[in-house]
Amino acid sequence: MGNNNELSLMDKVISLSKQRGFVFQSSEIYGGLKSAYDYGPLGVELKRNLMNEWWRSMVHEREDVTGIDASIIMHSKVWQASGHLAGFSDPLVDCLISKERFRADKAPRPQPGDELPITCTDKGQAKDYQAAILKRFNIELRRKGKILEGLKAIDDNSFGFFDKDSDSAKETFSYSGYVSPTFGSPFLSDERQFNLMFRSQIGPVDVLGEITSYVEKNQEKDGKEIRKGIEDIVKKSAVYLRPETAQAMFVQFLNCQQSMSMKIPFGIAQMGKSFRNEVTVEHFIFRSCEFEQMEMEYFVEPGTQKDWLEYWRDKRMEWWQSFANNPDKFRYRSHEKDELAHYADACYDIEYEYPWGFDELEGVASRTDYDLKKHAEHSGAKLSFFDQQKQDPETGKNGWRYTPFVIEPAAGATRGLLVYLLDAYHEETVPDAEGNESSRVVMKLHPRLAPMKAAVLPLVKKEGLPEIAREIVSDFFKAGINTRYDEQHSIGKRYRRHDEAGTPYCITVDGQTKEDGTVTIRDRDTMHQERISKDQALQVVRNRLMES
RNA sequence: GCGAAAGUAGCUCAGCUGGUAGAGCAUAACGUUGCCAACGUUAGGGUCGUCGGUUCGAAUCCGAUCUUUCGCUCCA
């Protein structure tokens with residue numbers, strides 16, 4: 001049962017994470033907090049190294065990408081424009097076919113006997129929806145241009161699928177008496193109160209006081225009215241923690257573009273925490289309410305988005321694989337038409353084969369011009385780009401003003417950390433002091449990701465060896481290389497401990513060091529030792545880190 | 001959100017049908033050894049997830065609650 005082994009890999013990684021100090025549960029001494037994790041002494045280093053590598057490859061090594069670090073709390077209008085904040089008191093409904101989300105109380109209500117045509121934006125979309133409905137509900141609607149026909153409302157609670165000119169329904173479905181406003185689709189999810197974002201309040205005034213006096217004064221009103229009144233009070237000071245880092249790049253599009261004189265195509269990158277009240281949290285740090293993202297919005301000329309999507313998909317895939325022991329465990333998967341978000345025209349997920357199967361690690365989405373247009377509309381700002389070199393395709397005149405399309409590689413930093421912990425975990429059989437078989441656990445983290453780059457170990461803690469070792473450590477400290485001095489326990493034990501921590505190089509000071517100034521450097525993965533001059537130790541480690 | 005299982009030392013776990021907790025590893029000190037999980041001696045560490053109930057007496061039985069894992073559901 002491969003599955004059993006896979007599950008225990010997860011257990012082993014979780015256990016090692018705690019024992020060695022990669023990941024702890026949040027607030028553990030108080031019983032733990034649901035889905036919140038703390039990154040321990042090694043975890044914080046690993047996470048930072050991973051994120052710094054991302055930043056290096058996305059921002060520092062590119063002329064066409066610039067970075068920002070926006071505040072986690074943003075104006076609530078940002079979330080209105082983006083569609084995240086559709087209204088936290090209004091029941092929302094999703095169209096199962098078009099993914100459109102709307103307010104149930106604003107939806108059109110057909111009369112019994114009315115035809116229920118599904119009106120698409122074009123013929124291609126009609127074909128896609130026709131196929132999606134067939135797949136999901138097993139009925140084939142008749143397509144007439146961009147309209148899908150065959151559905152009729154029976155009463156307020158049900159509708160049916162009718163053959164042409166037939167009065168008896170072939171299939172009946174229950175529904176809530178309304179259809180989606182844009183497409184007219186009756187295939188809808190249940191009504192839900194949506195509050196995926198973490199709401200908080202800005203300003204020191206206690207809103208509860210205002211609410212209390214409002215309720216006292218309005219006791220005769222019914223529940224719905226009171227809720228509305230409370231909402232109005234809350235809304236005045238409500239702010240939301242960002243559910244994704246992306247929106248800041250759209251909101252600061254102009255500032256970034258102008259201050260850095262960026263020309264299309266260019267990107268804005270950001271790393272940081274995001275917060276979502278997830279319905280389900282699962283798989284250790286894979287899905288949690290507080291998580292860390294590494295996102296970049298790459299703005300391109302309309303029409304070129306497909307090429308750029310593929311470019312970034314490949315670029316990002318290459319990056320993930322470059323740090324992995326098992327590059328084969330990564331793959332990408334194109335989103336089906338019916339799983340695309342409403343704003344996207346294409347999307348690839350970069351997936352990793354976790355112990356529970358392939359699952360998302362990064363999404364590379366073609367977000368069209370949806371976000372910039374929405375923010376332009378809501379804010380009144382002119383979120384467009386003027387290219388003097390290009391001709392306007394409509395007028396043929398020189399100079400073209402357009403709203404850029406966006407390609408978004410959005411990676412989960414905390415997911416990446418999990419991926420590399422899983423990828424690094426190895427159990428090996430190696431000979432012990434007597435030449436017998438013994439096992440070792442080694443975290444084969446990429447040297448540039450490893451929390452500690454080197455450990456300096458005196459063979460014994462006397463005869464002047466600790467002093468020499470400490471001199472070497474201090475050279476490493478000055479060079480900014482995270483290094484640890486370690487004299488506890490036998491040398492073999494120290495090697496094994498650093499294997500588990502993923503430290504790539506162990507430098508050992510022994511008796512010979514005093515005679516000829518040489519030390520040994522041990523490679524974590526091969527366990528091979530080489531004798532080098534102690535004065536060169538720093539340079540050797542540096543070179544190996546650069547080459548890795 | 002629903003269903004199932006679990007929670008005992010830092011970790012992995014034992015503790016049968018109720019009689020106030022143990023092992024291995026880990027940690028600390030000393031001695032000996034000195035290149036791949038050494039040995040000896042000693043020490044520290046647990047109000048058995050939390051709260052409540054039954055009982056002379058609860059890790060053990062009952063209830064609630066929190067957390068974790070798995071499966072379904074959900075996931076802009």
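Small disclaimer: the values here were computed from a predicted structure and weren't measured. Letters A, B, ... mirror the listed sequences (proteins, then strands); counts begin at 1.
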Rounded to whole angstrom, note down the C1' distance from B:U17 over to B:C75. 47 Å
Suppose we define a pair by two distances each less than 3.5 Å, Watson-Crick or G-U wobble; what does B:U55 pair with here? none
Could you work out, with ring-ring contact (aromatic ring centres under 6.0 Å, His included) as the rule, every residue matching A:Tyr352, not counting sequence neighbours? A:Phe330, A:Tyr354
Base partner of B:C70, which must satisfy Watson-Crick or wobble distances under 3.5 Å: B:G3
Please name the nucleotide paired to B:U41 by Watson-Crick or G-U wobble geometry with both distances under 3.5 Å, or report none. B:A29
Does A:Ile481 offer a backbone N or O that forms a donor-acceptor pair with the side chain of A:Thr483 under 3.5 Å? yes
Please, which pairs that meet salt bridge (charged side-chain N to carboxylate O under 4.0 Å, His left out) have at least one residue in residues 522-540 of chain A, sequence neighbours excluded? A:Asp499-A:Arg522, A:Asp510-A:Arg531, A:Glu530-A:Arg544
Applying the Watson-Crick and G-U wobble criteria at under 3.5 Å, what pairs with B:A21? Answer none if nothing qualifies. none
According to side chain to side chain donor-acceptor pair (under 3.5 Å), who are the partners of A:Glu427, at least two apart in sequence or on a separate chain? A:Lys12, A:Tyr425
Rounded P spacing from B:U73 to B:C11 in Å: 34 Å
Listing time: all N or O pairs from protein to nucleotides 5-11 of chain B that are below 3.5 Å?
residue: B:C11; atom: OP1; partner: A:Lys18; partner atom: NZ; Å: 2.1
residue: B:C11; atom: O2'; partner: A:Gln19; partner atom: OE1; Å: 3.4

B/S/- contact track for nucleotides 29-40 of chain B, protein heavy atom under 4.0 Å: -----BBBBS--
Counting only pairs under 3.5 Å, give me each side-chain donor-acceptor contact of residues 70-78 of chain A, with atom names and distances, residues two or more places apart or in other chains.
residue: A:Ser71; atom: OG; partner: A:Ile73; partner atom: O; Å: 2.5
residue: A:His75; atom: ND1; partner: A:Lys77; partner atom: N; Å: 3.1

Please tabulate, one pair per line, all N/O donor-acceptor pairs under 3.5 Å involving side-chain atoms of residues 369-377 of chain A, not counting sequence neighbours.
residue: A:Asp369; atom: OD2; partner: A:Lys373; partner atom: NZ; Å: 2.8
residue: A:Tyr370; atom: OH; partner: A:His342; partner atom: NE2; Å: 3.2
residue: A:Asp371; atom: OD1; partner: A:Arg367; partner atom: NH2; Å: 2.9
residue: A:Asp371; atom: OD2; partner: A:Arg367; partner atom: NE; Å: 2.9
residue: A:His375; atom: NE2; partner: A:Gln247; partner atom: OE1; Å: 2.7

Please give the nucleotide sitting opposite B:U65 as a Watson-Crick or G-U wobble pair, both distances under 3.5 Å, or none. B:G49
Output all residues satisfying salt bridge (charged side-chain N to carboxylate O under 4.0 Å, His left out) with A:Glu297, sequence neighbours left out; order by chain, then residue number. none
Taking the same atom, C1', in B:G46 and in B:G22, what whole-Å distance lies between them? 11 Å
Measuring only the P atom in each nucleotide, how far is B:C61 from B:C16? A whole number of Å is fine. 9 Å
Who are the salt bridge (charged side-chain N to carboxylate O under 4.0 Å, His left out) partners of A:Arg333, not counting sequence neighbours? A:Glu339, A:Asp349, A:Glu351
Centre of A:Tyr485's six-membered ring, under 6.0 Å away, within 45 degrees of the axis: is that where NZ or CZ of A:Arg470 sits? yes
